[in-house]
Amino acid sequence: MAPQFQIPKTQKAAIVETTDAPLKVVDNHPVKQPSELAPGECLVQLDCSGVCHTDLHARQGDWPIPAKLPLIGGHEGVGRIVAIGEHTQNSPVKVGDRVGIKWLAYSCLDCEPCRKGLEQSCLKGKYSGFTVDGTFSQYVVSWVTHVTPIPDGIESAEAASILCAGITVYRAIKYSKTHIGDWIVLPGAGGGLGHLAVQYAVAMGLRVVAVDTGAEKKELCLKLGAEKWIDFKETKDLVKDIVEATDGYGAHAAVVTAATGQAYAQAIDYLRMGGTLMVVGLPARANLSADIFFTVVKSISILGSYVGNRQDAREALDIAARGKVKCYFQLKPLSALAETYEGLAQGKIVGRVVLNMKE
């Protein structure tokens, strides 16, 4: 028999009313009741939610595509399903299951991108904390076909950031055309995505050059398995240092997780012949500049990589649950979201911040 849950009428939530208004944390936001759920929808009571740089962009409204307003942000939530919409058929999950809410809240599974495994680029896609309300609340509505079961062996607070940051870097490395023993450069290696990228790369047998700045980030990256560290604020010649660190030929791949245009600017120069540039970090507004001559004669591949599909999510979580990847995070209350945004904007967050939705 399915467990029964008492579902309140109201909840605590962090709401962006307009991009220039202060973030508002309220305790009287309506909870969608089980009788109101459409077929295929589910209600999840959240334990926690990670905070991502994308949430900052949604809050500031500085991407070329604006988020809906008013908005409850967040897309790295973990909790229990407490209700499923009546007349839902063939649900892959059930009431009581521990599941994750990702950036991709819904895809049609039938358009050309979906059929080709690019569900995250669905022509009818809905996105948590951007086009639909997300996980900076105690309850969230999602879809049974797209919540991700959380495996045993990983705590909810640690799993939270795997649902976006982990999936994103895992997929980018997976498609970077690298092989065991290859060199991979990770600009932004000490950040939320970057410190997970270091671990996934090491788990996949790659040799990591971590690029970031600051003693705390250096210590973390080397502890996680990076073989080389380059501080972009201290180096006099970033390209030269990376080439020298990678046997004098340059890296086989670079996965740029830093959300700045500058992080992409020199990648073509430090990649070796046949190298691959994975474009991941999303600056608010920046152009990708690459020297066409050297891109061609060095046979460089430039690939955009956008979060991941449902299979990527399960693979990334499985690797983490087996202890190969560990998210380094600070657990904070929902009331700390505004100050977390400030830290992200200033580049001062080491690892990840996860919000406790039970407080």
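Remember, predicted model here, so these are calculated numbers, not experimental data. Counting begins at 1 with the first residue of the sequence.
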Open item on the list: For residues L196 and I184: do they belong to one hydrophobic cluster (side chain heavy atoms under 4.5 Å, members Ile, Leu, Val, Met, Phe, Trp, Tyr)?
Closed with: yes
*Decide whether L271 and Y264 are clustered together by the hydrophobic rule: side chain heavy atoms of Ile, Leu, Val, Met, Phe, Trp, Tyr closer than 4.5 Å, transitively.*
yes
Between E41 (side chain only) and A38 (backbone N and O only), is there a donor and an acceptor less than 3.5 Å apart? yes
I'd like to know if the side chain of D231 reaches the main chain of G214, judged simply by a donor and an acceptor atom lying under 3.5 Å from each other, with no hydrogens or angles considered.
yes
field: Working for salt bridge (charged side-chain N to carboxylate O under 4.0 Å, His left out), residues D318 and R322
entry: CA-CA 6 Å; D318 179 66; R322 288 188 284 113; 3.0 Å; yes
Apply side-chain hydrogen bond (donor to acceptor under 3.5 Å, both in side chains) to residues N287 and S289 and explain how you reach the verdict. CA-CA 6 Å; N287 292 319; S289 177; over 6 Å; no
Note: with side-chain heavy atoms under 4.5 Å as the link, the other cluster members for L222 come out as W229
Worksheet item: Taking the six-membered ring for Trp, is the centroid-to-centroid distance between W183 and Y249 below 6.0 Å?
Response: no
Residues, nucleotides or ligands: over 12 heavy atoms within 6.0 Å of E86 CD: no
Exercise. Quick one: do S107 and H146 satisfy side-chain contact (heavy atoms from CB on, under 4.5 Å)? Show the steps, please.
Key: CA-CA 8 Å; S107 64; H146 284 78; 2.6 Å; yes
Could you check whether any side-chain N or O of R272 sits under 3.5 Å from a backbone N or O of T246, counting only pairs where one atom can act as donor and the other as acceptor? yes
- side-chain contact (heavy atoms from CB on, under 4.5 Å) evaluation trace for V185 with V211: CA-CA 7 Å; V185 176; V211 179; 3.8 Å; yes
The test is side-chain contact (heavy atoms from CB on, under 4.5 Å); show your working for L303 and K177 and say whether it passes. CA-CA 10 Å; L303 302 175; K177 304 181 182 180; 4.3 Å; yes
Is there a side-chain contact between P149 and R314 (heavy atoms, below 4.5 Å)? yes
Could you tell me whether K32 atom NZ has more than 12 heavy atoms of other residues or ligands within 6.0 Å of it?
-> yes
Counting only heavy atoms from other residues, nucleotides and ligands, does the tally under 6.0 Å from CD of Q346 exceed 12? yes
Do the side chain of E76 and the main chain of G74 share a donor and acceptor less than 3.5 angstrom apart? no
**Item:** Expected output: side-chain Q11 to main-chain Y139 donor-acceptor under 3.5 Å
**Value:** yes
### Query
Can you list the steps and then say if I7 with L43 is a side-chain contact (heavy atoms from CB on, under 4.5 Å)?
CA-CA 10 Å; I7 298 168; L43 182 67; 3.9 Å; yes
Does R59 reach the main-chain N or O of T19 with its side chain, forming a donor-acceptor pair under 3.5 Å?
yes
Could you state whether L334 and L56 fall into the same hydrophobic cluster, counting links through intermediate Ile, Leu, Val, Met, Phe, Trp or Tyr residues with side-chain heavy atoms under 4.5 angstrom apart? yes
Worksheet entry | Heavy atoms of other groups near E219 CD, more than 12 under 6.0 Å | no
| message | Taking NZ in K126 as the centre, count heavy atoms belonging to other residues, nucleotides or ligands within less than 6.0 Å. Is the count above 12? | response | no
- Query: Sub-3.5 Å donor-acceptor pair from the side chain of E36 to the main-chain atoms of Q33, do we have one?
  - Reply: yes
| said: Can you tell me if K358 has over 12 outside heavy atoms packed within less than 6.0 Å of its NZ? | reply: yes
The side chain to side chain contact (heavy atoms under 4.5 Å, CB included) partner of R171 among Q120, E315, M278, Q311 is Q120
request  = On the 0 to 90° scale, with breaks at 30° and 60°, tag the W103-Y306 ring pair as parallel, tilted or perpendicular.
outcome  = perpendicular
Between the main-chain N or O of G117 and the side-chain N or O of N309, is there a donor-acceptor pair closer than 3.5 Å? yes
Checking V198, L186, I230 against V209 for side chain to side chain contact (heavy atoms under 4.5 Å, CB included), the one that qualifies is I230
Margin query: Does any part of the side chain of I84, heavy atoms only, come nearer than 4.5 Å to the side chain of C42, both counted from C-beta?
Written below: yes
_Grouping I, L, V, M, F, W and Y whenever their side-chain heavy atoms are under 4.5 Å apart, do L344 and Y328 come out in a common cluster?_
no
Give a yes or no on this: more than 12 heavy atoms of other residues, nucleotides or ligands lie within 6.0 Å of atom NZ of K68. yes
For A316, is there any backbone N or O sitting under 3.5 Å from a side-chain donor or acceptor partner on Y200?
yes
When V44, V78, T148 are each screened for side chain to side chain contact (heavy atoms under 4.5 Å, CB included) with I101, the one that passes is V44
* Assess whether atom NZ of K12 is packed by more than 12 heavy atoms of other residues, nucleotides or ligands within 6.0 Å. => no
Does E17 use its side chain to pair, donor to acceptor, with the backbone of L23 at less than 3.5 Å?
no
- prompt: Under a single-linkage definition using a 4.5 Å side-chain heavy-atom cutoff for Ile, Leu, Val, Met, Phe, Trp and Tyr, are L163 and L104 assigned to the same hydrophobic cluster?
  reply: no
Going through the checks in order, is the side-chain hydrogen bond (donor to acceptor under 3.5 Å, both in side chains) test met by K332 and T340?
CA-CA 9 Å; K332 296 186 176 184; T340 301; 4.6 Å; no
